**Q** 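Please see the structure below; I have some questions.
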Protein chains: 2
Amino acid sequence: MYVASPPPSEAAGLINAGKKRGLVVVVGVCEVSYSGRAAASLGPGRRLVIIKRDGTLLVHEAEKAQPRIWNPPGSSTAAYVEEGRLVVKSVRQRPFEIVRVVFHAVDFVAAFEVSSTDLVLVGTEKDLVEALVRNPSFIEEGLEIVGVEVPVEAGHVDILARDKEGRYVVIEVKRDLATHEAVFQLARYVETYKRKGHAARGVLVAGDISASAYEYLKRFGLQFVKVNPRELTVATYKSTTEK
Amino acid sequence: MYVASPPPSEAAGLINAGKKRGLVVVVGVCEVSYSGRAAASLGPGRRLVIIKRDGTLLVHEAEKAQPRIWNPPGSSTAAYVEEGRLVVKSVRQRPFEIVRVVFHAVDFVAAFEVSSTDLVLVGTEKDLVEALVRNPSFIEEGLEIVGVEVPVEAGHVDILARDKEGRYVVIEVKRDLATHEAVFQLARYVETYKRKGHAARGVLVAGDISASAYEYLKRFGLQFVKVNPRELTVATYKSTTEK
DNA sequence: GGATGAATGTCGCCC
DNA sequence: GGGCGACGTTCATCC
């Protein structure tokens, strides 16, 4: 259902009816304000406004992947006419945040029932962890997996193993480029085991590592193992979808 | 400009013409596949597809703020007809990633010239840093600001100061809740100064701090100062935009 | 709801 | 382009 250049009252009706069942798209000249943890406003300009049934409100402009202004799922959206103008107001309760869109002109309103599917994504860090658990020799010979996602003081280690000498091996996995953050994370986990009196060492397994991260890694006495994440995870899937 | 239920060839023409000048919105029943660092696919369903002039491609469904599948700015988008069907293909070069949208039916195509404005956002961490620099007594009495965004080994300290005793005070600022990550960051920076032979201590300034972060903070001998970020930054702005 | 960390994160800044 | 960190991050998962 789509209507070109509707009067404000009709636009408001279309939005309020359409937002319950699916997705509403509004294009028009508007001013937008956001107020909450931070605050922002956009002067008059033509924009794309999307209202989803889960409460999501998105205001997109001509550039960038991210909306300029938004409210996340769980917000409450209402459309009404104020001083002859269409107003779309979105309220998020916690934290309390308001987005107000005041239209000077409405080019277009469309409402559709769209899908809500489960996305099957292959090639995430989780997939890489699973692949490594199935074949620990990708990391080093003689590893015996002790656990996966093992909780520690703060957080969890991706893979916990024992090496041939019986030492704990704490393994931190990153899909792509590992930065210093990954190194600190690993160092922290290894330290936790050592403080408990265990013999422990740390291995960072990633597609790559930044130069500065490698410096830190050496300083902490940790090891780096390079893997090809695509080979271990998405290769098969990729070949079936790429054209 | 909007066309309802266009045949595939017309839809392709509208998309290729419209993507150059502004923003194109397509709603229709489609299958979508993504292949690159990871891989994913969506079976047939009605979705909202957005094509921006900067190369952004977004595929939205009925829920969530984030697109289900996307390609970021800088990608190349092309629409064409393949086996009688409208296909929108987006290619990103580095890393190489492809998104393919094959339409079974097109409900409508709309193209608009939309704005591309500068967003003025008030109340960010940067704003909080500036407010604290203007009034260091919010942190503690007798602080003398030495520098802002001071580069260190890896990264930069938000505020560097000296206290009444002449010691360096490394100040890490978080707008809202500080987690253990912020504490580790601060500990790392303080350590850098100490290793150089300076007398240094660390202060975490944030709206709040998580319980576990506070434990780490104490263990590292750091201090926490609580601030109200809104009071220091957005309060005035907020009152002028909220309705 | 809090805690924790991943994300095809995106985005901006600085070198 | 790489490094680095913020983001009104969003999101899933676990407790």
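For clarity, every value in this text was computed on a predicted model and none was experimentally measured. Lettering follows sequence order; numbering is per chain, from 1.
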**Q** Which of the following nucleotides, dG5(C), dA7(C), dG9(C), is nearest to the side chain of Thr124(A)?
**A** dA7(C)
**Q** For Tyr193(B), which residues count as a ring pair (Phe, Tyr, Trp, His ring centres under 6.0 Å) partner, sequence neighbours excluded?
**A** Tyr168(B)
**Q** Could you state the CG-C1' distance from Asp176(B) to dA6(D), rounded to the nearest angstrom?
**A** 12 Å
**Q** Where do N or O atoms of nucleotides 12-15 of chain C meet protein N or O atoms at under 3.5 Å, pair by pair?
**A**
| from | atom 1 | to | atom 2 | distance (Å) |
| --- | --- | --- | --- | --- |
| dG12(C) | OP2 | Lys64(A) | NZ | 3.2 |

**Q** Taking side-chain hydrogen bond (donor to acceptor under 3.5 Å, both in side chains) as the definition, give me every residue that meets it alongside Glu149(B), ordered by chain and number, with sequence neighbours left out.
**A**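 With sequence neighbours excluded, Glu149(B) shows a side-chain hydrogen bond (donor to acceptor under 3.5 Å, both in side chains) to His156(B), given in chain and number order.
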**Q** Over how many whole Å does the gap from Leu128(A) atom CG to dG5(C) atom C1' extend?
**A** 16 Å
**Q** Taking only side-chain nitrogens and oxygens of Gln66(A), does any of them come within less than 4.0 Å of OP1 or OP2 of dG9(C)?
**A**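 For dG9(C), OP1/OP2 do not have a side-chain N/O of Gln66(A) under 4.0 Å.
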**Q** Below the 4.0 Å mark, does dT4(C) have OP1 or OP2 next to a side-chain nitrogen or oxygen of Gln185(A)?
**A**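 False: Gln185(A) side-chain N/O out of range (4.0 Å or more) of dT4(C) OP1/OP2.
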**Q** Asp158(A) CG to dA6(C) C1': how many Å, rounded?
**A** 10 Å
**Q** Check side-chain hydrogen bond (donor to acceptor under 3.5 Å, both in side chains) between Asn135(A) and all other residues, then give those that pass, not counting sequence neighbours.
**A** Ser137(A)
**Q** Starting at the 5' end of DNA chain C and moving along, which residue's nearest nucleotide shows up first, Leu119(A) or Pro73(B)?
**A** Leu119(A)
**Q** Between Glu113(A) and Arg21(A), is the closest basic N to carboxylate O distance under 4.0 Å?
**A**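 Looking at Glu113(A) together with Arg21(A), the answer is yes, because their closest N to O distance falls below 4.0 Å.
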**Q** Using whole Å, report how far CG of Asp127(A) lies from P of dA6(C).
**A** 14 Å
**Q** Suppose you measure atom C1' in dT8(C) against the same atom in dC14(D); what distance do you get, rounded to whole Å?
**A** 24 Å
**Q** Can you name the residues that form a ring pair (Phe, Tyr, Trp, His ring centres under 6.0 Å) with Tyr216(A), not counting sequence neighbours?
**A**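 Applying ring pair (Phe, Tyr, Trp, His ring centres under 6.0 Å) to Tyr216(A) gives Phe184(A).
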**Q** Expressed in angstrom and rounded to an integer, what is the separation of Arg92(A) atom CZ from dT10(D) atom C1'?
**A** 10 Å
**Q** Within residues 45-61 of chain A, find the residues that approach DNA chain D with a heavy atom at under 4.0 Å, and present them sorted by residue number.
**A** none
**Q** Which is true for Glu97(A) with a 4.0 Å heavy-atom rule: it touches a base, it touches only sugar-phosphate, or it touches nothing?
**A** base
**Q** With DNA chain D as reference, determine whether Glu172(B) or Arg175(B) sits nearer its 5' end, using the nearest nucleotide of each.
**A**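 Going by which nucleotide is closer to the 5' end, it is Glu172(B).
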**Q** Hey, is the side chain of Arg37(B) poking within less than 4.0 Å of OP1 or OP2 on dA7(C), counting only N and O atoms?
**A** no
**Q** Side-chain donor-acceptor pair under 3.5 Å between Ser90(B) and Asn71(B), yes or no?
**A**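 There is such a pair between these side chains.
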**Q** So what does Asn71(A) touch, heavy atoms closer than 4.0 Å: a base, only the sugar-phosphate, or nothing?
**A** base
**Q** Nearest-nucleotide wise, let me know which of Val99(B) and Ala65(A) is further upstream toward the 5' end of DNA chain C.
**A**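 Result: Val99(B).
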**Q** Report the distance from atom OH of Tyr34(B) to atom P of dG9(C), rounded to the nearest whole Å.
**A**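 Taking atom P of dG9(C) as the reference, OH of Tyr34(B) is at 7 Å.
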**Q** Looking at residues at least two apart in the chain, or sitting in another chain, which of them share a side chain to side chain contact (heavy atoms under 4.5 Å, CB included) with Ser76(A)?
**A** none
**Q** Apply salt bridge (Lys or Arg N to Asp or Glu O under 4.0 Å) to the pair Glu191(B) and Arg219(A), showing each step before the final yes or no.
**A** CA-CA 14 Å; Glu191(B) 189 55 36; Arg219(A) 187 188 300 173; over 6 Å; no
**Q** Using the side chain to side chain contact (heavy atoms under 4.5 Å, CB included) criterion, which residues pair with Asn228(B)? Sequence neighbours excluded.
**A** Arg230(B), Glu231(B)
**Q** Can you sort out the partners of Glu130(A) under side-chain hydrogen bond (donor to acceptor under 3.5 Å, both in side chains), two or more places apart, ordered by chain and number?
**A** none
**Q** In chain order, what residues pass the side-chain hydrogen bond (donor to acceptor under 3.5 Å, both in side chains) check against Lys52(A), with sequence neighbours excluded?
**A** His60(B)
**Q** Is any side-chain nitrogen or oxygen of Trp70(B) closer than 4.0 Å to OP1 or OP2 of dG9(C)?
**A** no
**Q** Residues in side chain to side chain contact (heavy atoms under 4.5 Å, CB included) with Ala206(A), at least two apart?
**A** Lys174(A), Ala178(A), Phe224(A)
**Q** In whole angstrom, what separates Glu181(A)'s CD from dG9(C)'s P?
**A** 16 Å
**Q** Nearest whole Å is fine: how far is dT8(C) P from Leu42(B) CG?
**A**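 In whole Å, dT8(C) P and Leu42(B) CG are 13 Å from each other.
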**Q** Quote, to the nearest angstrom, the C1' distance that separates dT9(D) from dG5(D).
**A**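 So the two C1' atoms sit 12 Å from each other.
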**Q** So does Lys89(B) pair up with Glu82(B), basic N to acidic O under 4.0 Å?
**A** no
**Q** Using atom P in both nucleotides, what's the gap between dG8(D) and dG5(C) to the nearest angstrom?
**A**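 The answer is 22 Å between these two P atoms.
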**Q** Using atom C1' in both nucleotides, what's the gap between dC7(D) and dA6(C) to the nearest angstrom?
**A** 15 Å
**Q** Pull out every protein N or O sitting under 3.5 Å from an N or O of nucleotides 2-4 of chain D, one pair per line with the distance.
**A**
| from | atom 1 | to | atom 2 | distance (Å) |
| --- | --- | --- | --- | --- |
| dC4(D) | OP1 | Ser212(A) | OG | 3.2 |
| dC4(D) | OP2 | Ser212(A) | OG | 2.6 |

